[in-house]
Protein chains: 2
Amino acid sequence: MEEVLDLLKEKNLKATPQRLAILNYLNHKTHPTIEEIFEEVKKSFPSISLATIYKNINTLKDVGIVIELNPGGKLKYDINIYPHFHGVCEKCGNIEDFYDEGVMKACKEKLKKSMNKNIKRLSITLSMVCDKCAKA
Amino acid sequence: MEEVLDLLKEKNLKATPQRLAILNYLNHKTHPTIEEIFEEVKKSFPSISLATIYKNINTLKDVGIVIELNPGGKLKYDINIYPHFHGVCEKCGNIEDFYDEGVMKACKEKLKKSMNKNIKRLSITLSMVCDKCAKA
DNA sequence: CTATTTGCAAACCCTTTGCAAAAAT
DNA sequence: ATTTTTGCAAAGGGTTTGCAAATAG
């Protein structure tokens, strides 16, 4: 949690309990929707408002701490710390993270050469069939 | 335009003039928003309704002819025919297409090996600074 | 002490829906 | 002849905004 405080300070954002609760939830549950974040954080902050969730997600998005995923259907949110790519199951819609720094780096290199420009952030999303749905 | 008719027939979609106008616009102007499609197609079909644009984009999305892009801000739409990746300018927000079948294939292979699953569709988006903004 | 953040309620989109008429195959 | 699509208007839902009070630094 120490890192989070530093990260917020670095971006000049105040470490309010509500904000920390949102970040903490994002660290445990991957890719929740706004509604899911709201429902969860409300357990520890019964008085929290939906508007506060929106405002926080937007500011965290603006500074790059959080990224927005559009898998079709509702938008989902993800803490943007380690380089990874996303697999969206075309049956159930769930998103799975794949961490592979080597592959991400290799793709980045190839893309960079192809387009002849610097790449600031790289987002790779693919559709697949997840293991659970493959069995069914 | 012949190809489009075949494509629609293949997906069991009727070739209405409104639908063709939308597809035609998507072939000329890349990555318009819903509103832009509406304003443009209205020029040739003054009586067209926003609901018709939405319904068409949704059905075209469902069958895979059109893809949805979420560059931050409003959603944008793109005809999904040739394998390409998207660069979003972090200054002006414009989206640029990069066609490179070789690079797309190479990335797909690497990702596939890394995750050990079949990839149905692959979407690569990156943020960059476009040439226009780089000069300014 | 100052700047940011919260929470409430209202406003404000954007998007979808139902339905009857029109059009496509 | 059958099925899809259109266009309208209304409903719906998600997201943002303004503002005063509370809180963080």
Side-chain angles (χ1 to χ4, degrees), chain A residues 1-2 4-25 31-63 65-77, chain B residues 1-2 4-25 31-63 65-77:
Chain A
M1 218 57 203
E2 199 53 43
V4 173
L5 294 180
D6 292 343
L7 195 55
L8 290 176
K9 194 168 291 179
E10 184 194 320
K11 306 289 185 182
N12 290 312
L13 297 178
K14 294 190 173 175
T16 67
Q18 292 92 334
R19 179 165 289 159
L20 292 177
I22 293 171
L23 286 168
N24 181 51
Y25 181 53
H31 321 118
T33 62
I34 289 284
E35 203 56 32
E36 288 171 331
I37 299 170
F38 179 52
E39 290 307 330
E40 184 60 28
V41 176
K42 199 158 57 171
K43 289 179 188 164
S44 14
F45 291 86
S47 72
I48 203 173
S49 134
L50 237 194
T52 299
I53 309 291
Y54 277 109
K55 285 172 186 169
N56 270 290
I57 288 295
N58 281 337
T59 57
L60 293 170
K61 223 171 52 179
D62 289 345
V63 300
I65 295 178
V66 156
I67 56 179
E68 187 176 68
L69 302 172
N70 179 14
K74 296 193 176 172
L75 298 175
K76 303 186 176 184
Y77 299 90
Chain B
M1 217 59 202
E2 198 54 42
V4 173
L5 293 179
D6 293 342
L7 194 56
L8 290 176
K9 193 168 290 177
E10 186 194 319
K11 305 289 186 182
N12 291 312
L13 296 178
K14 295 188 173 175
T16 67
Q18 293 91 332
R19 179 164 290 159
L20 292 177
I22 292 170
L23 286 168
N24 182 51
Y25 180 55
H31 321 117
T33 62
I34 289 283
E35 204 56 33
E36 287 170 333
I37 299 170
F38 179 52
E39 290 306 328
E40 184 60 28
V41 175
K42 200 158 56 171
K43 289 179 187 166
S44 14
F45 291 88
S47 72
I48 203 173
S49 132
L50 237 193
T52 299
I53 310 290
Y54 277 108
K55 285 172 186 167
N56 269 290
I57 289 294
N58 281 337
T59 56
L60 293 170
K61 221 170 55 176
D62 288 346
V63 300
I65 295 178
V66 156
I67 56 178
E68 188 176 66
L69 303 174
N70 179 16
K74 296 193 174 173
L75 297 176
K76 304 187 175 184
Y77 298 91

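Convention: sequence-line order gives letters A, B, ...; per-chain numbering from 1. All values derive from a computational prediction rather than experimental measurement.
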Worked verdict on B/Glu68 versus A/Asn70 for side-chain hydrogen bond (donor to acceptor under 3.5 Å, both in side chains): CA-CA 9 Å; B/Glu68 188 176 66; A/Asn70 179 14; 3.1 Å; yes
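Distance, B/Lys74 NZ to C/dC13 C1': 9 Å, rounded to whole Å. Taking atom CG of residue A/Asn58 and atom P of nucleotide C/dT4, one finds them 17 Å apart after rounding to whole Å. A/Asn12 places its CG atom 13 Å from the C1' atom of D/dA24, with the value rounded to the nearest Å. Protein atom CG of A/Leu50 is 13 Å distant from nucleotide atom C1' of C/dA9, rounded to whole Å. For the pair B/Asn56 CG and D/dT4 P, the computed distance is 15 Å after rounding to whole Å. Atom pair A/Leu13:CG and D/dG25:C1' shows a separation of 13 Å (rounding to whole Å applied). Between the OH atom of A/Tyr54 and the C1' atom of C/dC8 there is a distance of 16 Å, rounded to whole Å. Straight-line distance from the NZ atom of A/Lys42 to the C1' atom of C/dT6: 16 Å, rounded to whole Å.
Residue side chain A/Lys14 reaches the base of C/dA3 through a donor-acceptor N/O pair under 3.5 Å, judged by distance alone.
Using a 4.0 Å heavy-atom criterion, one finds that B/Thr59 contacts no nucleic acid atom at all. Note on A/Glu35: nothing from the nucleic acid sits closer than 4.0 angstrom, heavy atoms only.
Between A/Gln18 and C/dG7 there is a side-chain N or O to OP1 or OP2 distance below 4.0 Å. An OP1 or OP2 oxygen of C/dT16 is reached within less than 4.0 angstrom by no side-chain nitrogen or oxygen of B/Lys55. Taking 4.0 angstrom as the limit, B/Thr16 places none of its side-chain polar atoms (N or O) nearer than this to OP1 or OP2 of D/dT5.
Checked options B/Leu60, B/Ile53, B/Ile67, B/Ile34; the residue passing with B/Tyr77 is B/Ile34 (criterion: side-chain contact (heavy atoms from CB on, under 4.5 Å)).
Side-chain contact between B/Leu7 and B/Val63 is absent, with no heavy-atom pair separated by less than 4.5 Å. At least one side-chain heavy atom of A/Leu23 sits less than 4.5 Å from a side-chain heavy atom of A/Ile65.
A donor-acceptor contact shorter than 3.5 Å is absent between the side chain of A/Glu39 and the backbone of A/Glu36.
Toward the 5′ end of DNA chain C lies the nearest nucleotide of B/Leu75, the other residue of the pair B/Pro17 and B/Leu75 mapping further downstream.
For B/Ile34, taking side-chain heavy atoms from C-beta onward, the closest of the listed nucleotides C/dT15, D/dG25, D/dT6 is C/dT15. The side chain of A/Ala51 approaches C/dA9 more closely than any other nucleotide in the set D/dT5, C/dA9, C/dT5.
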